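In what follows, a single structure is set out as structure tokens and then discussed.
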Amino acid sequence: MIAARFNQNIVGQLVHGALDGFTRHGVSRDAVDLVWAPGSFEISLLAKRLAESGEYEAIICLGAVIRGETDHYDYVAGEAARGVAQAAVATGVPVIFGILTCDTVEQAINRAGGKAGNKGFDAAMTAIEMVNLLKQLPAGKKLD
């Protein structure tokens with residue numbers, strides 16, 4: 001799991017939600033590594049490196065990008081999404097996009113354990129589902 005330190009009060013709740021999801025589905029806390037990235041923009045490089053290592057069945061990327069007064073949000077959110085997708089496609093390892101992209105802090109709080117649930121928990125569920133799904137599919141063959 002990779003988590004951004006920027007907006008850490010929100011991202012910490014996403015991490016907690018992901019760990020809770022894993023625990024509820026029988027994944028030991030010892031089986032989960034946590035790497036802290038400076039921010040959401042930097043997550044994709046770390047995701048690609050970890051996925052390439054062959055040590056992980058899935059990578060979960062957690063962060064919170066909140067719109068401000070400048071275009072910075074658009075660049076960070078867009079590149080983070082693109083980088084996470086590229087890491088998954090390049091490595092064949094599920095790289096899960098659990099980076100919140102919100103207009104307000106309130107929206108982020110609601111998605112990190114508030115009214116809208118916890119998207120970290122959802123990311124853990126997606127990781128488990130993708131790992132299991134990939135195990136069922138034939139390797140290297142196209143399905144019709």
Side-chain angles (χ1 to χ4, degrees), residues 1-23 25 27-114 116-143:
M1 188 165 27
I2 304 167
R5 280 195 316 266
F6 199 83
N7 291 319
Q8 190 169 2
N9 56 331
I10 293 166
V11 178
Q13 292 302 311
L14 296 174
V15 169
H16 177 75
L19 292 173
D20 180 46
F22 282 138
T23 300
H25 286 81
V27 177
S28 164
R29 174 61 183 98
D30 293 338
V32 180
D33 290 333
L34 176 60
V35 175
W36 287 95
S40 293
F41 187 85
E42 292 78 21
I43 286 176
S44 57
L45 176 60
L46 295 170
K48 186 171 185 289
R49 177 72 57 92
L50 292 175
E52 288 173 338
S53 75
E55 305 241 347
Y56 302 99
E57 292 187 273
I59 309 295
I60 296 176
C61 303
L62 302 173
V65 184
I66 302 169
R67 189 176 300 279
E69 296 177 4
T70 69
D71 293 341
H72 187 253
Y73 166 91
D74 296 316
Y75 296 112
V76 173
E79 291 304 316
R82 186 176 356 272
V84 167
Q86 286 176 344
V89 171
T91 64
V93 173
V95 181
I96 310 306
F97 187 76
I99 299 173
L100 302 178
T101 55
C102 301
D103 289 324
T104 66
V105 172
E106 182 181 6
Q107 287 176 344
I109 291 169
N110 285 337
R111 286 160 180 75
N118 189 307
K119 300 306 177 186
F121 183 95
D122 295 348
M125 297 304 93
T126 300
I128 291 169
E129 185 174 351
M130 285 298 294
V131 167
N132 290 332
L133 180 59
L134 287 174
K135 286 178 181 177
Q136 295 173 21
L137 295 175
K141 294 183 181 177
K142 258 190 166 173
L143 299 179

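No experiment lies behind these values; they were computed from the predicted model shown.
Taking CG of N110 as the start and CD of Q107 as the end, the distance is 8.0 Å to the nearest 0.5 Å. The CZ atom of R111 lies 9.5 Å from the CD atom of E106; values are rounded to the nearest 0.5 Å. For the atom pair CE (M1) and OH (Y56), the distance works out to 11.0 Å, reported to the nearest 0.5 Å. Between atom CG of residue L34 and atom CD1 of residue I60 there is a gap of 10.5 Å, rounded to the nearest 0.5 Å. Considering OG1 of T23 and CZ of R29, their distance stands at 8.5 Å, rounded to 0.5 Å. Rounding to the nearest 0.5 Å gives a distance of 9.5 Å between CG of D30 and CG of D33.
Remark: Q13 engages A112 in a side chain to side chain contact (heavy atoms under 4.5 Å, CB included) (not counting sequence neighbours). Scanning for side chain to side chain contact (heavy atoms under 4.5 Å, CB included) contacts around R49 gives an empty result, with sequence neighbours left out. For the side chain to side chain contact (heavy atoms under 4.5 Å, CB included) test, no residue two or more places apart in sequence or in another chain qualifies with F6.
Counting heavy atoms from C-beta outward, T126 and F97 have side chains that stay 4.5 Å or more apart. Side-chain contact between Y75 and T70 is absent, with no heavy atoms from C-beta onward closer than 4.5 Å. K119 has its side chain out of reach of I99: every pair of non-hydrogen atoms, C-beta onward, lies at least 4.5 Å apart. Counting heavy atoms from C-beta on, the side chains of N118 and L14 come closer than 4.5 Å.
Listed here is the closest heavy atom pair of V95 and A47: CG1-CB, 3.8 Å. Minimum heavy-atom separation, L134 to P94: CD1-CG, 3.5 Å. When all heavy atoms are compared, the tightest approach of S40 to G63 is OG-CA, 3.6 Å. Of all the heavy atoms in L62 and G120, the pair that sits closest is CD2-CA, 4.1 Å. Between M125 and G21 the shortest heavy-atom distance is CE-O, 3.4 Å. Between A123 and G98, the shortest heavy-atom distance links the atoms CB-CA, 4.4 Å.
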Begin with the C-alpha distance, continue with both residues' side-chain angles, and end with the deciding distance and a verdict on side-chain contact (heavy atoms from CB on, under 4.5 Å) for T101 and R67.
CA-CA 8 Å; T101 55; R67 189 176 300 279; over 6 Å; no

Please assess I2 against E42 for the test side-chain contact (heavy atoms from CB on, under 4.5 Å), listing each intermediate value before the final yes or no.
CA-CA 10 Å; I2 304 167; E42 292 78 21; over 6 Å; no

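Among the candidates D103, I10, L100, T104, the single residue satisfying the side chain to side chain contact (heavy atoms under 4.5 Å, CB included) test with I66 is I10.
Within 6.0 Å of CD in E52 there are more than 12 heavy atoms belonging to other residues, nucleotides or ligands. In the displayed structure, E57 atom CD is contacted under 6.0 Å by at most 12 heavy atoms of other residues, nucleotides or ligands. Atom CZ of F22 is surrounded by more than 12 heavy atoms from other residues, nucleotides or ligands within 6.0 Å.
No donor-acceptor pair under 3.5 Å is formed between the side chain of R82 and the backbone N or O of A85. The main-chain N or O of I128 is found under 3.5 Å from a side-chain atom of N132 such that the two form a donor-acceptor pair.
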